[in-house]
K.L.:
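Okay, here's the structure, questions in a sec.
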Amino acid sequence: ASGDTTPNSSDHSDFGDADIASGTVVRTFAIANPGSAPLTLSGTPLVALSGDHAADFSVSAMPATSVAATSTTTFQITFNPAALGLRTATVTVVSDDIDEGVYTFAIQGSGTWRSALYPTDWTPATTDGAGRFLHDFGYAGYHGGMEPIPDAPPGPVVDATQAPYQADPTGTTDSTDAIQQALDAVGEAGGGVVLLPAGTYLISLPAGQSWALRIRHPRTVLRGAGTAQTFLECTSTTIRSANILLVRPDAGSVFTELAGTSHPLAADADNRATSVTLDNVDGLAVGDRVVLRSDWTQDFIDEHGMNGIWTPSTSRTGPLFLRCITAIDGNAVTLDTPIRYPLKTRDNARLYRCDPFLREVGIEDLSIGNRQHPGTGWGDNDYSVAGTGAYEVHGSHLIHFYHVWDGWMRRVNTYRPASNTGDVHALSNIAKTSSSRFVTFTNCVVQRTQYEGGGGNGYGLALQDANDCLMTA
(Lines give C-alpha, C1' and ligand atoms only; values in the text may rest on other atoms or scores of the structure.)
Protein backbone atom coordinates (compact mmCIF):
# COMPACT_ATOMS: atom_id res chain seq x y z
CA ALA A 1 0.00 0.00 0.00
CA SER A 2 1.10 3.56 -0.62
CA GLY A 3 2.85 5.02 2.41
CA ASP A 4 4.12 1.65 3.64
CA THR A 5 7.07 2.38 5.95
CA THR A 6 7.77 -1.20 7.03
CA PRO A 7 9.86 -3.08 4.48
CA ASN A 8 9.59 -6.86 4.49
CA SER A 9 10.86 -9.73 2.43
CA SER A 10 7.42 -11.00 1.41
CA ASP A 11 6.85 -8.05 -0.96
CA HIS A 12 10.55 -7.66 -1.83
CA SER A 13 10.82 -4.25 -0.20
CA ASP A 14 13.44 -5.74 2.15
CA PHE A 15 16.40 -6.61 -0.07
CA GLY A 16 18.20 -8.64 2.57
CA ASP A 17 22.00 -8.76 2.70
CA ALA A 18 24.49 -7.66 0.07
CA ASP A 19 28.29 -7.67 0.27
CA ILE A 20 29.71 -4.15 0.19
CA ALA A 21 32.64 -5.26 -1.94
CA SER A 22 30.99 -7.40 -4.56
CA GLY A 23 27.35 -8.10 -3.89
CA THR A 24 24.19 -6.66 -5.39
CA VAL A 25 20.54 -7.61 -5.01
CA VAL A 26 17.96 -6.89 -7.69
CA ARG A 27 14.24 -6.72 -7.01
CA THR A 28 11.45 -6.43 -9.58
CA PHE A 29 8.29 -4.45 -8.77
CA ALA A 30 5.04 -4.29 -10.77
CA ILE A 31 2.72 -1.34 -11.37
CA ALA A 32 -0.79 -2.61 -12.07
CA ASN A 33 -3.61 -0.66 -13.72
CA PRO A 34 -6.90 -2.40 -12.86
CA GLY A 35 -8.94 0.51 -14.27
CA SER A 36 -10.64 1.00 -17.64
CA ALA A 37 -8.44 3.90 -18.83
CA PRO A 38 -4.68 4.17 -19.39
CA LEU A 39 -2.47 5.07 -16.44
CA THR A 40 0.22 7.64 -17.15
CA LEU A 41 3.39 7.91 -15.09
CA SER A 42 4.51 11.51 -14.88
CA GLY A 43 7.41 11.66 -12.45
CA THR A 44 10.92 12.78 -13.36
CA PRO A 45 12.37 10.26 -13.20
CA LEU A 46 9.45 7.84 -13.52
CA VAL A 47 10.63 6.07 -10.33
CA ALA A 48 12.43 8.31 -7.83
CA LEU A 49 14.57 7.31 -4.86
CA SER A 50 15.10 9.46 -1.79
CA GLY A 51 16.27 9.13 1.79
CA ASP A 52 19.47 8.84 3.78
CA HIS A 53 20.91 5.98 1.74
CA ALA A 54 19.23 6.51 -1.61
CA ALA A 55 22.62 6.34 -3.35
CA ASP A 56 22.88 2.68 -2.30
CA PHE A 57 19.86 1.89 -4.47
CA SER A 58 19.37 2.51 -8.19
CA VAL A 59 16.54 2.02 -10.65
CA SER A 60 18.19 -0.40 -13.06
CA ALA A 61 15.11 -0.80 -15.30
CA MET A 62 12.43 1.88 -15.67
CA PRO A 63 8.73 1.12 -16.19
CA ALA A 64 6.76 2.11 -19.27
CA THR A 65 5.40 5.66 -19.24
CA SER A 66 1.87 4.50 -20.04
CA VAL A 67 0.12 1.44 -18.65
CA ALA A 68 -2.88 0.24 -20.59
CA ALA A 69 -6.12 -0.62 -18.80
CA THR A 70 -5.99 -3.95 -16.95
CA SER A 71 -2.27 -4.20 -17.72
CA THR A 72 0.97 -3.96 -15.76
CA THR A 73 4.48 -2.66 -16.20
CA THR A 74 7.54 -3.47 -14.14
CA PHE A 75 10.67 -1.75 -12.90
CA GLN A 76 13.77 -3.02 -11.16
CA ILE A 77 15.77 -1.63 -8.25
CA THR A 78 19.34 -2.74 -7.55
CA PHE A 79 20.76 -2.63 -4.05
CA ASN A 80 24.53 -2.06 -3.99
CA PRO A 81 25.50 -0.94 -0.47
CA ALA A 82 28.44 1.37 0.10
CA ALA A 83 28.70 0.72 3.84
CA LEU A 84 27.97 -1.88 6.47
CA GLY A 85 24.67 -2.04 8.30
CA LEU A 86 21.08 -1.13 7.57
CA ARG A 87 20.54 1.04 4.48
CA THR A 88 17.15 2.64 3.78
CA ALA A 89 15.40 4.67 1.08
CA THR A 90 11.95 5.66 -0.14
CA VAL A 91 10.52 4.86 -3.58
CA THR A 92 8.17 7.41 -5.18
CA VAL A 93 6.03 6.89 -8.30
CA VAL A 94 3.92 9.85 -9.56
CA SER A 95 0.99 9.19 -11.91
CA ASP A 96 -2.43 10.45 -12.90
CA ASP A 97 -4.13 7.89 -10.66
CA ILE A 98 -7.14 9.53 -8.99
CA ASP A 99 -6.64 7.94 -5.56
CA GLU A 100 -2.89 7.45 -5.34
CA GLY A 101 -1.29 10.04 -7.58
CA VAL A 102 1.84 9.93 -5.44
CA TYR A 103 2.66 6.35 -4.46
CA THR A 104 5.47 5.80 -1.94
CA PHE A 105 6.92 2.85 -0.07
CA ALA A 106 10.04 2.24 2.01
CA ILE A 107 12.82 -0.13 1.03
CA GLN A 108 15.83 -1.38 2.94
CA GLY A 109 18.79 -3.74 2.83
CA SER A 110 21.84 -4.58 4.89
CA GLY A 111 25.41 -4.03 3.81
CA THR A 112 27.61 -6.93 4.78
CA TRP A 113 31.18 -7.98 4.18
CA ARG A 114 32.67 -11.41 3.73
CA SER A 115 36.36 -12.09 3.31
CA ALA A 116 37.45 -13.68 0.07
CA LEU A 117 39.22 -16.18 2.32
CA TYR A 118 35.86 -17.18 3.81
CA PRO A 119 33.53 -18.01 0.93
CA THR A 120 30.14 -19.53 1.59
CA ASP A 121 31.53 -22.97 0.78
CA TRP A 122 34.52 -22.52 3.12
CA THR A 123 36.20 -25.59 4.60
CA PRO A 124 39.29 -25.77 6.83
CA ALA A 125 41.31 -26.61 3.69
CA THR A 126 40.23 -23.48 1.75
CA THR A 127 43.29 -21.64 0.41
CA ASP A 128 43.52 -18.85 -2.16
CA GLY A 129 45.95 -18.63 -5.07
CA ALA A 130 48.51 -16.81 -2.94
CA GLY A 131 48.51 -19.55 -0.32
CA ARG A 132 46.51 -17.54 2.21
CA PHE A 133 43.88 -19.13 4.41
CA LEU A 134 41.89 -18.80 7.60
CA HIS A 135 42.48 -21.13 10.52
CA ASP A 136 39.62 -23.20 11.81
CA PHE A 137 38.84 -21.82 15.26
CA GLY A 138 35.55 -23.68 15.42
CA TYR A 139 36.64 -25.48 18.58
CA ALA A 140 37.11 -22.99 21.39
CA GLY A 141 36.07 -22.52 24.97
CA TYR A 142 34.75 -25.05 27.46
CA HIS A 143 34.91 -28.56 25.92
CA GLY A 144 35.78 -26.98 22.60
CA GLY A 145 32.32 -25.47 22.40
CA MET A 146 30.78 -28.92 22.09
CA GLU A 147 29.13 -28.92 25.51
CA PRO A 148 27.44 -26.16 27.53
CA ILE A 149 28.93 -24.96 30.79
CA PRO A 150 27.08 -26.97 33.44
CA ASP A 151 24.54 -25.10 35.54
CA ALA A 152 24.41 -28.00 38.00
CA PRO A 153 27.86 -29.61 38.09
CA PRO A 154 28.22 -32.94 39.90
CA GLY A 155 28.59 -32.89 43.65
CA PRO A 156 27.02 -31.02 46.56
CA VAL A 157 26.40 -27.28 46.90
CA VAL A 158 28.17 -26.22 50.09
CA ASP A 159 27.28 -22.91 51.74
CA ALA A 160 30.55 -21.42 52.96
CA THR A 161 28.75 -19.27 55.55
CA GLN A 162 27.52 -22.34 57.41
CA ALA A 163 29.37 -24.59 59.85
CA PRO A 164 32.09 -25.68 59.89
CA TYR A 165 33.36 -22.85 57.68
CA GLN A 166 31.48 -19.75 58.88
CA ALA A 167 32.55 -17.28 56.19
CA ASP A 168 31.39 -13.79 57.17
CA PRO A 169 29.04 -12.20 54.61
CA THR A 170 28.88 -8.90 56.50
CA GLY A 171 32.36 -7.77 55.49
CA THR A 172 33.40 -7.44 59.13
CA THR A 173 35.96 -10.21 59.58
CA ASP A 174 38.35 -11.81 57.11
CA SER A 175 36.89 -14.88 55.38
CA THR A 176 39.96 -16.12 53.53
CA ASP A 177 40.55 -19.20 55.68
CA ALA A 178 36.86 -20.12 55.81
CA ILE A 179 36.37 -19.97 52.04
CA GLN A 180 39.64 -21.79 51.36
CA GLN A 181 38.71 -24.59 53.75
CA ALA A 182 35.40 -25.00 51.93
CA LEU A 183 37.10 -25.08 48.52
CA ASP A 184 39.63 -27.67 49.67
CA ALA A 185 37.03 -29.85 51.42
CA VAL A 186 34.70 -29.90 48.43
CA GLY A 187 37.57 -30.60 46.05
CA GLU A 188 39.06 -33.38 48.15
CA ALA A 189 35.63 -35.03 48.37
CA GLY A 190 35.38 -35.25 44.59
CA GLY A 191 34.04 -31.84 43.64
CA GLY A 192 30.99 -29.65 43.88
CA VAL A 193 30.00 -26.02 44.33
CA VAL A 194 31.16 -23.69 47.08
CA LEU A 195 28.39 -21.12 47.44
CA LEU A 196 28.87 -17.59 48.72
CA PRO A 197 25.40 -16.20 49.47
CA ALA A 198 24.67 -12.50 49.09
CA GLY A 199 27.06 -10.33 51.05
CA THR A 200 30.57 -8.92 51.14
CA TYR A 201 33.47 -11.23 51.96
CA LEU A 202 36.85 -9.84 52.97
CA ILE A 203 39.84 -11.81 51.71
CA SER A 204 43.60 -11.20 51.89
CA LEU A 205 46.98 -12.72 51.09
CA PRO A 206 48.18 -14.95 53.96
CA ALA A 207 51.75 -14.24 55.05
CA GLY A 208 54.29 -15.75 52.69
CA GLN A 209 51.68 -16.81 50.14
CA SER A 210 51.15 -15.45 46.63
CA TRP A 211 47.40 -16.01 46.48
CA ALA A 212 44.39 -15.33 48.66
CA LEU A 213 42.10 -18.15 47.48
CA ARG A 214 42.97 -21.17 45.36
CA ILE A 215 40.95 -23.74 43.46
CA ARG A 216 43.41 -26.63 43.26
CA HIS A 217 41.14 -29.64 42.85
CA PRO A 218 39.16 -30.71 39.76
CA ARG A 219 35.37 -30.35 39.49
CA THR A 220 35.33 -27.45 41.94
CA VAL A 221 33.23 -24.32 41.33
CA LEU A 222 33.16 -21.07 43.30
CA ARG A 223 29.71 -19.51 42.93
CA GLY A 224 28.09 -16.36 44.28
CA ALA A 225 24.48 -15.23 44.31
CA GLY A 226 24.97 -12.78 41.44
CA THR A 227 27.23 -9.90 40.44
CA ALA A 228 25.03 -7.42 42.32
CA GLN A 229 24.78 -9.55 45.46
CA THR A 230 28.04 -11.36 46.21
CA PHE A 231 31.23 -9.31 46.57
CA LEU A 232 34.76 -10.50 47.20
CA GLU A 233 36.89 -7.64 48.56
CA CYS A 234 40.64 -8.09 48.79
CA THR A 235 42.12 -5.95 51.53
CA SER A 236 45.79 -6.62 50.68
CA THR A 237 47.51 -3.91 48.66
CA THR A 238 51.13 -5.12 48.56
CA ILE A 239 50.51 -7.88 46.05
CA ARG A 240 53.43 -7.85 43.62
CA SER A 241 53.17 -10.91 41.31
CA ALA A 242 50.31 -12.29 43.40
CA ASN A 243 46.94 -13.71 42.35
CA ILE A 244 43.91 -12.95 44.47
CA LEU A 245 41.93 -15.91 43.17
CA LEU A 246 44.18 -18.59 41.67
CA VAL A 247 42.84 -21.58 39.75
CA ARG A 248 45.80 -23.93 39.52
CA PRO A 249 46.68 -27.52 40.45
CA ASP A 250 49.44 -28.20 42.93
CA ALA A 251 51.76 -29.34 40.13
CA GLY A 252 51.94 -28.90 36.41
CA SER A 253 53.32 -26.77 33.61
CA VAL A 254 53.09 -27.20 29.86
CA PHE A 255 56.80 -26.44 29.71
CA THR A 256 57.77 -29.37 31.94
CA GLU A 257 58.02 -32.68 30.11
CA LEU A 258 57.20 -35.80 32.08
CA ALA A 259 60.22 -38.04 32.08
CA GLY A 260 60.22 -40.60 29.29
CA THR A 261 57.28 -39.10 27.40
CA SER A 262 59.05 -36.90 24.83
CA HIS A 263 58.76 -38.08 21.21
CA PRO A 264 60.62 -36.21 18.44
CA LEU A 265 58.74 -35.63 15.23
CA ALA A 266 60.05 -37.85 12.44
CA ALA A 267 58.89 -35.39 9.76
CA ASP A 268 57.91 -31.74 9.57
CA ALA A 269 54.26 -31.01 10.32
CA ASP A 270 52.63 -28.43 8.06
CA ASN A 271 50.42 -25.57 9.13
CA ARG A 272 46.88 -26.89 9.71
CA ALA A 273 48.09 -30.47 10.10
CA THR A 274 45.77 -32.73 12.08
CA SER A 275 48.32 -35.52 12.46
CA VAL A 276 52.03 -35.78 13.15
CA THR A 277 54.50 -38.59 12.54
CA LEU A 278 56.75 -39.47 15.49
CA ASP A 279 59.90 -41.51 15.79
CA ASN A 280 57.89 -43.86 18.03
CA VAL A 281 54.64 -43.86 20.00
CA ASP A 282 55.78 -45.81 23.04
CA GLY A 283 53.67 -44.95 26.08
CA LEU A 284 51.12 -42.87 24.16
CA ALA A 285 47.41 -43.66 24.09
CA VAL A 286 44.22 -42.30 22.60
CA GLY A 287 42.82 -39.67 24.96
CA ASP A 288 46.21 -38.42 26.12
CA ARG A 289 46.45 -34.64 26.50
CA VAL A 290 49.77 -33.67 25.03
CA VAL A 291 52.02 -30.73 24.23
CA LEU A 292 53.55 -30.16 20.79
CA ARG A 293 56.30 -27.59 20.61
CA SER A 294 59.59 -26.57 19.06
CA ASP A 295 62.50 -24.34 20.10
CA TRP A 296 64.11 -21.08 19.05
CA THR A 297 66.89 -22.42 16.88
CA GLN A 298 69.09 -20.17 14.75
CA ASP A 299 67.28 -21.42 11.65
CA PHE A 300 63.94 -20.47 13.22
CA ILE A 301 65.28 -17.03 14.13
CA ASP A 302 66.69 -16.44 10.64
CA GLU A 303 63.45 -17.56 9.03
CA HIS A 304 61.55 -14.93 10.99
CA GLY A 305 64.03 -12.11 10.35
CA MET A 306 64.88 -11.77 14.04
CA ASN A 307 68.64 -12.35 13.91
CA GLY A 308 70.35 -10.09 16.44
CA ILE A 309 67.09 -9.64 18.36
CA TRP A 310 66.31 -13.22 19.39
CA THR A 311 68.93 -15.72 20.49
CA PRO A 312 68.76 -19.52 20.23
CA SER A 313 67.16 -21.08 23.29
CA THR A 314 65.55 -24.31 24.42
CA SER A 315 63.77 -22.55 27.28
CA ARG A 316 62.04 -20.02 25.05
CA THR A 317 59.41 -21.94 23.18
CA GLY A 318 58.60 -21.54 19.53
CA PRO A 319 55.12 -22.66 18.45
CA LEU A 320 53.32 -24.52 21.24
CA PHE A 321 50.06 -26.43 20.96
CA LEU A 322 47.94 -28.28 23.50
CA ARG A 323 46.09 -31.15 21.88
CA CYS A 324 44.34 -34.44 22.60
CA ILE A 325 45.26 -37.66 20.78
CA THR A 326 42.25 -39.09 18.94
CA ALA A 327 43.92 -41.95 17.03
CA ILE A 328 47.25 -43.73 16.64
CA ASP A 329 48.16 -45.59 13.46
CA GLY A 330 51.70 -46.89 13.44
CA ASN A 331 53.83 -43.85 14.31
CA ALA A 332 51.19 -41.41 13.05
CA VAL A 333 49.26 -39.60 15.79
CA THR A 334 45.95 -37.88 14.99
CA LEU A 335 45.09 -34.72 16.94
CA ASP A 336 41.68 -33.36 17.90
CA THR A 337 42.27 -30.00 16.18
CA PRO A 338 44.80 -28.68 13.64
CA ILE A 339 48.06 -27.07 14.64
CA ARG A 340 48.32 -23.34 13.84
CA TYR A 341 51.92 -23.12 12.66
CA PRO A 342 54.49 -25.44 11.11
CA LEU A 343 56.52 -27.65 13.43
CA LYS A 344 59.93 -28.50 11.99
CA THR A 345 62.33 -31.24 12.94
CA ARG A 346 65.26 -28.83 12.58
CA ASP A 347 63.77 -26.88 15.54
CA ASN A 348 63.61 -29.93 17.81
CA ALA A 349 59.87 -30.34 17.23
CA ARG A 350 58.46 -32.88 19.66
CA LEU A 351 55.36 -34.21 21.38
CA TYR A 352 55.26 -34.94 25.11
CA ARG A 353 53.00 -35.26 28.12
CA CYS A 354 53.00 -32.95 31.13
CA ASP A 355 51.40 -33.20 34.55
CA PRO A 356 47.60 -33.53 34.47
CA PHE A 357 45.61 -30.38 33.87
CA LEU A 358 43.07 -29.04 36.35
CA ARG A 359 39.67 -29.80 34.80
CA GLU A 360 36.01 -28.85 35.21
CA VAL A 361 36.61 -25.78 37.34
CA GLY A 362 34.81 -22.46 37.32
CA ILE A 363 34.08 -19.12 38.94
CA GLU A 364 30.65 -17.58 38.50
CA ASP A 365 28.01 -15.13 39.66
CA LEU A 366 30.01 -12.73 41.80
CA SER A 367 31.92 -9.46 41.77
CA ILE A 368 35.50 -9.01 42.89
CA GLY A 369 37.47 -5.90 43.76
CA ASN A 370 40.65 -4.78 45.50
CA ARG A 371 41.17 -2.00 47.99
CA GLN A 372 43.08 0.89 46.52
CA HIS A 373 46.83 1.07 47.11
CA PRO A 374 47.55 4.23 49.16
CA GLY A 375 51.07 4.77 47.83
CA THR A 376 52.60 7.06 45.22
CA GLY A 377 54.80 6.41 42.21
CA TRP A 378 52.65 5.27 39.31
CA GLY A 379 54.84 6.18 36.34
CA ASP A 380 55.26 3.85 33.37
CA ASN A 381 58.58 2.50 34.63
CA ASP A 382 57.94 2.71 38.36
CA TYR A 383 57.08 -0.98 38.45
CA SER A 384 60.84 -1.59 38.76
CA VAL A 385 61.41 1.05 41.45
CA ALA A 386 61.17 -0.47 44.94
CA GLY A 387 58.94 1.41 47.35
CA THR A 388 56.56 2.81 44.74
CA GLY A 389 52.93 1.83 44.48
CA ALA A 390 53.59 0.52 40.97
CA TYR A 391 56.33 -1.77 42.27
CA GLU A 392 54.08 -3.21 44.97
CA VAL A 393 51.22 -4.12 42.63
CA HIS A 394 53.24 -5.06 39.52
CA GLY A 395 52.29 -8.31 37.79
CA SER A 396 49.35 -9.08 40.05
CA HIS A 397 45.96 -10.46 38.95
CA LEU A 398 42.54 -10.61 40.52
CA ILE A 399 41.89 -13.98 38.84
CA HIS A 400 44.38 -16.35 37.20
CA PHE A 401 43.66 -19.68 35.51
CA TYR A 402 46.88 -21.71 35.16
CA HIS A 403 47.27 -25.23 33.74
CA VAL A 404 43.51 -25.62 33.29
CA TRP A 405 41.70 -27.66 30.64
CA ASP A 406 37.92 -27.15 30.43
CA GLY A 407 37.18 -24.29 32.78
CA TRP A 408 35.14 -21.12 32.89
CA MET A 409 34.58 -17.69 34.35
CA ARG A 410 31.06 -16.44 33.74
CA ARG A 411 28.95 -13.62 35.08
CA VAL A 412 31.89 -12.21 37.01
CA ASN A 413 32.35 -8.45 37.31
CA THR A 414 34.85 -6.19 38.99
CA TYR A 415 33.65 -3.49 41.37
CA ARG A 416 34.92 -0.54 43.37
CA PRO A 417 35.13 -1.27 47.11
CA ALA A 418 33.45 1.43 49.18
CA SER A 419 36.69 2.56 50.83
CA ASN A 420 38.40 3.36 47.51
CA THR A 421 38.72 7.11 47.02
CA GLY A 422 39.45 6.66 43.32
CA ASP A 423 37.47 4.74 40.73
CA VAL A 424 39.62 1.65 41.26
CA HIS A 425 38.45 -1.94 40.89
CA ALA A 426 41.80 -3.73 40.64
CA LEU A 427 45.42 -2.79 41.31
CA SER A 428 47.10 -4.15 38.19
CA ASN A 429 45.76 -6.89 35.91
CA ILE A 430 42.34 -8.44 36.24
CA ALA A 431 41.98 -11.90 34.67
CA LYS A 432 44.55 -14.10 32.94
CA THR A 433 44.69 -17.58 31.49
CA SER A 434 48.11 -19.23 31.18
CA SER A 435 49.22 -22.64 29.92
CA SER A 436 45.60 -23.66 29.55
CA ARG A 437 43.12 -24.89 26.96
CA PHE A 438 39.36 -24.71 26.48
CA VAL A 439 38.64 -21.98 29.06
CA THR A 440 35.59 -19.75 28.50
CA PHE A 441 35.14 -16.18 29.73
CA THR A 442 31.55 -15.07 29.18
CA ASN A 443 29.22 -12.32 30.40
CA CYS A 444 31.95 -10.62 32.41
CA VAL A 445 32.57 -6.90 32.92
CA VAL A 446 36.11 -6.11 34.07
CA GLN A 447 37.53 -2.60 34.32
CA ARG A 448 39.34 0.17 36.23
CA THR A 449 42.86 -0.90 37.16
CA GLN A 450 44.85 1.46 39.38
CA TYR A 451 48.16 0.88 37.58
CA GLU A 452 48.33 0.80 33.79
CA GLY A 453 52.06 1.32 33.37
CA GLY A 454 54.77 -0.65 31.62
CA GLY A 455 55.96 -4.14 32.36
CA GLY A 456 52.67 -5.83 31.54
CA ASN A 457 50.23 -4.07 33.86
CA GLY A 458 46.67 -2.86 33.45
CA TYR A 459 45.24 -5.66 31.30
CA GLY A 460 41.58 -6.63 31.63
CA LEU A 461 41.64 -10.11 30.10
CA ALA A 462 44.85 -11.76 28.92
CA LEU A 463 45.91 -15.07 27.37
CA GLN A 464 49.45 -16.42 27.59
CA ASP A 465 50.60 -19.78 26.23
CA ALA A 466 46.92 -20.71 26.04
CA ASN A 467 45.10 -22.56 23.28
CA ASP A 468 41.50 -22.52 22.09
CA CYS A 469 40.12 -20.30 24.83
CA LEU A 470 37.00 -18.21 24.24
CA MET A 471 36.04 -14.72 25.34
CA THR A 472 32.47 -13.74 24.58
CA ALA A 473 29.79 -11.34 25.76
K.L.:
I'd like to know if Arg437 pairs up with Asp336 as an ion pair, taking the criterion as any Lys NZ or Arg NE/NH1/NH2 lying under 4.0 Å from an Asp or Glu carboxylate oxygen.
P.N.:
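Result for this pair is yes, salt bridge flagged.
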K.L.:
Is the shortest side-chain N to carboxylate O distance from Asp365 to Arg411 below 4.0 Å?
P.N.:
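Looking at Asp365 and Arg411, the cut-off is met.
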K.L.:
Answer yes when Arg353 and Asp355 have at least one side-chain N-carboxylate O distance shorter than 4.0 Å, and no when they do not.
P.N.:
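Here Arg353 does not pair with Asp355 in a salt bridge, since their nearest N and O are not under 4.0 Å apart.
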K.L.:
Below 4.5 Å, heavy atoms only, C-beta onward: do Thr127 and Arg132 meet side chain to side chain?
P.N.:
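Counting from C-beta outward, Thr127 and Arg132 never come under 4.5 Å.
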K.L.:
For the pair Lys344 and Asp270, find out whether any cationic side-chain nitrogen is under 4.0 Å from an anionic carboxylate oxygen.
P.N.:
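Result for this pair is no, no salt bridge flagged.
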K.L.:
Would you say the side chains of Asp347 and Thr297 form a donor-acceptor pair under 3.5 Å?
P.N.:
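Present: a donor and an acceptor within the cut-off.
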K.L.:
Before we go on, tell me: are the rings of His403 and Phe357 under 6.0 Å apart, centre to centre?
P.N.:
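His403 vs Phe357: aromatic centres under 6.0 Å.
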K.L.:
Could you tell me whether Arg216 and Glu188 make a salt bridge, using a distance below 4.0 angstrom between a side-chain N and a carboxylate O?
P.N.:
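A salt bridge is absent here (no side-chain N lies under 4.0 Å from a carboxylate O).
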K.L.:
Suppose we call two aromatic rings close when their centres sit under 6.0 Å apart. Are Phe57 and Phe15 close by that rule?
P.N.:
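Yes; Phe15 has its ring centre under 6.0 Å from that of Phe57.
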K.L.:
Quick test of your reading of the model: are Glu392 and Arg240 salt-bridged, counting only N-O distances below 4.0 Å?
P.N.:
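Salt bridge flag = no for Arg240 with Glu392.
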K.L.:
I'd like to know if Arg410 pairs up with Asp151 as an ion pair, taking the criterion as any Lys NZ or Arg NE/NH1/NH2 lying under 4.0 Å from an Asp or Glu carboxylate oxygen.
P.N.:
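Here Arg410 pairs with Asp151 in a salt bridge, since their nearest N and O are under 4.0 Å apart.
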K.L.:
Are any of the side-chain nitrogens in Asp468 or Arg323 under 4.0 Å away from the carboxylate oxygens of its partner?
P.N.:
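Yes, this pair counts.
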